[in-house]
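Values below: all heavy atoms of this structure, side chains included; hydrogens, waters and symmetry mates excluded.
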Amino acid sequence: MLRHEFQPGRLVAGVFLMLAGAVYAGDAGGLWETPWFVLVPVVTGGLCIAGAVGVVARSVHRRRGSLRATAPDDPGTGLPR
């Protein structure tokens with residue numbers, strides 16, 4: 001059983017921020033050269049995508065929750081007959 005609700009927007013944001021950290025770590029380790037401005041679109045784009053995923057997930061969750069609240073006997077009121 002899950003202890004909390006799955007939030008895919010936070011997962012996407014975390015992946016993009018870990019990507020930014022990996023790019024900076026590779027630059028600090030001397031594996032490649034990264035200009036300072038490269039990570040601005042990575043982080044900004046990742047946060048925008050995470051926001052969009054969060055909005056879609058919330059709307060799907062609300063829609064599925066409202067469908068569960070209605071009884072299969074009477075879809076209009078949500079109350080059993």
Side-chain angles (χ1 to χ4, degrees):
M1 176 165 203
L2 295 175
R3 294 182 180 252
H4 57 82
E5 178 182 333
F6 177 64
Q7 297 177 345
R10 290 186 181 193
L11 175 68
V12 171
V15 166
F16 274 94
L17 291 175
M18 287 189 334
L19 174 67
V23 168
Y24 270 137
D27 187 29
L31 296 175
W32 56 76
E33 288 291 321
T34 306
W36 65 270
F37 56 85
V38 168
L39 290 185
V40 173
V42 170
V43 172
T44 306
L47 291 177
C48 289
I49 292 171
V53 168
V55 167
V56 169
R58 182 168 297 259
S59 68
V60 167
H61 178 71
R62 283 186 181 174
R63 178 172 288 167
R64 289 183 71 196
S66 66
L67 290 178
R68 287 183 188 164
T70 60
D73 295 335
D74 188 9
T77 62
L79 299 174
R81 290 184 185 179

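- In terms of heavy-atom proximity, Y24 sits nearest to W36 at OH-O, 4.1 Å.
- Taking both residues in full, the closest heavy atoms of V42 and F16 are given as O-CD2, 3.7 Å, listed atom of the first, atom of the second, then distance.
- The hydrophobic cluster containing F6 does not contain I49, counting ILVMFWY residues as joined when their side-chain heavy atoms lie under 4.5 angstrom apart, directly or transitively.
- Considering every non-hydrogen atom in both L47 and A13, the closest pair reads CD2-CB, 4.2 Å.
- For the side-chain contact (heavy atoms from CB on, under 4.5 Å) with L39, the qualifying choice from D27, V23, L19 is V23, the only one to do so.
- For the pair V40 and T44, the tightest heavy-atom approach, listed with the atom from each and the gap, is O-OG1, 2.7 Å.
- More than 12 heavy atoms of other residues, nucleotides or ligands lie within 6.0 Å of CH2 in W32, so this atom counts as buried by the packing criterion.
- Partner of Q7 under the side chain to side chain donor-acceptor pair (under 3.5 Å) criterion, out of R10, E5, H4: R10 alone.
- The two atoms that bring V43 and A20 nearest to each other are CG2-CB, 3.9 Å, heavy atoms only.
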